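Worksheet: the structure to be examined is printed underneath.
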Amino acid sequence: MFTQEAKAIAEMIPSRPKIAVVLGSGLGGLVSKVQDAKCISYSGIKSLPVPTAPSHNGRFVFGKLGGRDIVLMDGRVHLYEGYTPQQVVAPIRLLRAIGVDTIILTNAAGGINKNLSVGDFMMIEDHISMFVPSPLIGSNDESLGTRFPDMSNAYSKELQRIVIKSAMNIGIDIKRGVYAQLTGPQFETPAEIKALSALGADSVGMSTVIESIAANHCGMRVAGISMIANMACGILDKPLSGEDVNEAAGQSANEFQALITEIVRNIE
């Protein structure tokens with residue numbers, strides 16, 4: 001899968017990175033920190049969907065970050081844009097075909113756990129996937145992975161240690177928790193947030209989980225980080241908006257960039 005696309009991209013970049021970072025809503029400023037950047041638009045790759053959501057630019061950015069060869073996904077697509085789960089994870093599978101074996105999935109999320117605050121970073125220790133369709137439904141491509149992949153270590157314990165160490169190195173008090181993905185695009189109701197809390201979710205969003213499933217399926221190590229952009233519906237007595245999410249992400253941009261750079265520097 002994606003053999004021809006991977007070959008074409010390989011001819012356009014100086015080296016094949018092993019590390020990828022998926023940038024969540026409002027978090028695209030990290031692109032400015034990439035040295036020797038080479039940008040490749042999703043629209044130029046026949047098999048990839050193109051983002052329509054605000055702040056998702058829809059391009060790969062190859063270059064160096066923290067002294068390491070890296071590729072950023074500057075924008076992702078979502079189920080709420082009308083794409084299938086298989087289309088949503090197509091960029092992940094293409095990155096694997098290029099040679100990426102470690103991926104950091106980031107997102108702007110709603111905080112459910114009342115110990116979280118807007119602007120916090122939460123390392124994802126596990127996820128709840130039951131509210132979104134699996135990208136593995138349908139015939140299995142054995143060249144990618146097994147029919148029934150194990151998800152007991154969906155977020156690499158080794159990478160979790162690196163995330164915690166990296167946060168400590170730069171003075172960030174990173175939180176830990178369980179992330180749940182819903183489809184969106186509507187924000188959740190207070191009753192839905194109560195249900196998610198009862199199930200053990202600490203944060204909620206509209207991405208990431210199906211990307212983690214696809215990445216695990218094809219043998220990648222996965223780390224996940226949520227930037228808490230708002231408190232979920234019913235936690236505070238105020239309406240939610242997409243503009244607030246992007247504004248909060250912008251206010252945390254410098255810390256986010258420093259954290260991801262330090263994590264990349266420390267990955268073995």
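None of these values were measured; they are calculated from a predicted model.
Listed by first and then second residue, the ring-ring contact (aromatic ring centres under 6.0 Å, His included) pairs that reach into residues 14-41 come to none, sequence neighbours excluded. Pairs of residues two or more places apart, or lying in two chains, that qualify as side chain to side chain donor-acceptor pair (under 3.5 Å) and include a residue from residues 32-42 are Ser41-Ser43. Sequence neighbours left out, not one pair with a member in residues 85-125 passes ring-ring contact (aromatic ring centres under 6.0 Å, His included). Among residues at least two apart or in separate chains, side chain to side chain donor-acceptor pair (under 3.5 Å) pairs with a member in residues 110-124 are Asn113-Asn115, Asn113-Asp202. Applying the side chain to side chain donor-acceptor pair (under 3.5 Å) definition to pairs two or more places apart or across chains, those involving residues 123-135 are His127-Tyr155.
Atom NZ of Lys157 has more than 12 heavy atoms from other residues, nucleotides or ligands within 6.0 Å. Atom CZ of Arg176 is surrounded by 12 or fewer heavy atoms from other residues, nucleotides or ligands within 6.0 Å. Dense packing is recorded around CE of Met151, with more than 12 heavy atoms of other residues, nucleotides or ligands lying under 6.0 Å away.
Residues Asn107 and Thr208 have side chains that bring a donor and an acceptor to within less than 3.5 angstrom of each other.
Scanning for side chain to side chain contact (heavy atoms under 4.5 Å, CB included) contacts around Ala6 gives Leu94, Ala97, Ile98, with sequence neighbours left out.
Taking the charged nitrogens against the carboxylate oxygens, Lys64 and Asp69 do have a contact shorter than 4.0 Å, which makes a salt bridge. Ion pairing between Arg161 and Glu158 fails under the 4.0 Å rule for side-chain N and carboxylate O.
Paired with Ile104 under the rule side chain to side chain contact (heavy atoms under 4.5 Å, CB included), one option of Val264, Ile162, Val22 passes, and it is Val264.
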